[in-house]
Amino acid sequence: MQARNSRATRSGRLSSHVPGQTNWARIVVHELTHREVKTKDHAYEHQGINPRKLGADKALENAGSWAWFCADCAGALTDGVIKNASAR
């Protein structure tokens, strides 16, 4: 079993998690949106998922956007991660 780590999230809370847990949760949400609501892959995090660059219509049907939305609602994204993905 992997050791648990703590880190501060954007909400200021300290969260204990298994390393990589946030990424795996985003992957599950991403893939489930393909299956359940027929989302597409217009952009991935490493390409940048800035809705202003992607456009509202594509952002709404982009699986990665929904995965990020869920992670952000859970307070799992740091300011640095968001800034990095939005800058591309």
Side-chain angles (χ1 to χ4, degrees):
M1 179 171 213
Q2 294 178 326
R4 293 193 173 262
N5 295 327
S6 295
R7 68 181 175 97
T9 62
R10 277 193 326 133
S11 65
R13 296 184 305 239
L14 218 54
S15 67
S16 295
H17 70 285
V18 175
Q21 181 179 13
T22 299
N23 191 49
W24 283 110
R26 287 195 329 235
I27 291 169
V28 169
V29 169
H30 176 110
E31 297 305 330
L32 282 172
T33 65
H34 284 310
R35 188 177 117 189
E36 298 300 321
V37 292
K38 309 301 183 236
T39 57
K40 298 178 181 168
D41 289 325
H42 293 297
Y44 295 98
E45 173 191 350
H46 65 275
Q47 297 169 318
I49 58 168
N50 186 329
R52 283 170 267 177
K53 293 179 183 176
L54 191 57
D57 290 342
K58 284 188 177 180
L60 283 172
E61 69 176 10
N62 186 49
S65 300
W66 288 102
W68 269 64
F69 172 73
C70 290
D72 194 29
C73 286
L77 301 178
T78 64
D79 286 332
V81 168
I82 292 170
K83 183 178 178 182
N84 190 32
S86 297
R88 295 185 201 134

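Just the heavy atoms: all of them, side chains too, but no hydrogens, waters or symmetry mates, feed the values below. Treat the numbers as computed from the prediction; the structure is a model and nothing was measured.
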- Could I get the full list of side-chain contact (heavy atoms from CB on, under 4.5 Å) partners for Phe69, not counting sequence neighbours? Trp66, Cys73

Gap separating the [atom1] atom of [X] from the [atom2] atom of [Y], nearest 0.5 angstrom:
{"X": "Glu45", "Y": "Asn84", "atom1": "CD", "atom2": "CG", "value": "7.5 Å"}
{"X": "Asp72", "Y": "Thr78", "atom1": "CG", "atom2": "OG1", "value": "10.5 Å"}
{"X": "Ile82", "Y": "Ile49", "atom1": "CD1", "atom2": "CD1", "value": "9.0 Å"}

- Item | Remaining members of the apolar cluster that contains Leu54, side-chain heavy atoms under 4.5 Å | none

- Task: For the pair Trp68 and Leu77, evaluate side chain to side chain contact (heavy atoms under 4.5 Å, CB included) and give the outcome as yes or no after the intermediate values.
- Result: CA-CA 8 Å; Trp68 269 64; Leu77 301 178; 3.2 Å; yes

- Message: Considering only residues two or more places apart or on different chains, which pairs with a residue in residues 48-64 satisfy side-chain hydrogen bond (donor to acceptor under 3.5 Å, both in side chains)?
- Response: His42-Glu61, Asn62-Ser65

- Ser86 (side chain) donor-acceptor with Lys83 (main chain) under 3.5 angstrom: no

- Parallel, tilted or perpendicular: rings of His34 and His30 (30°, 60°): perpendicular

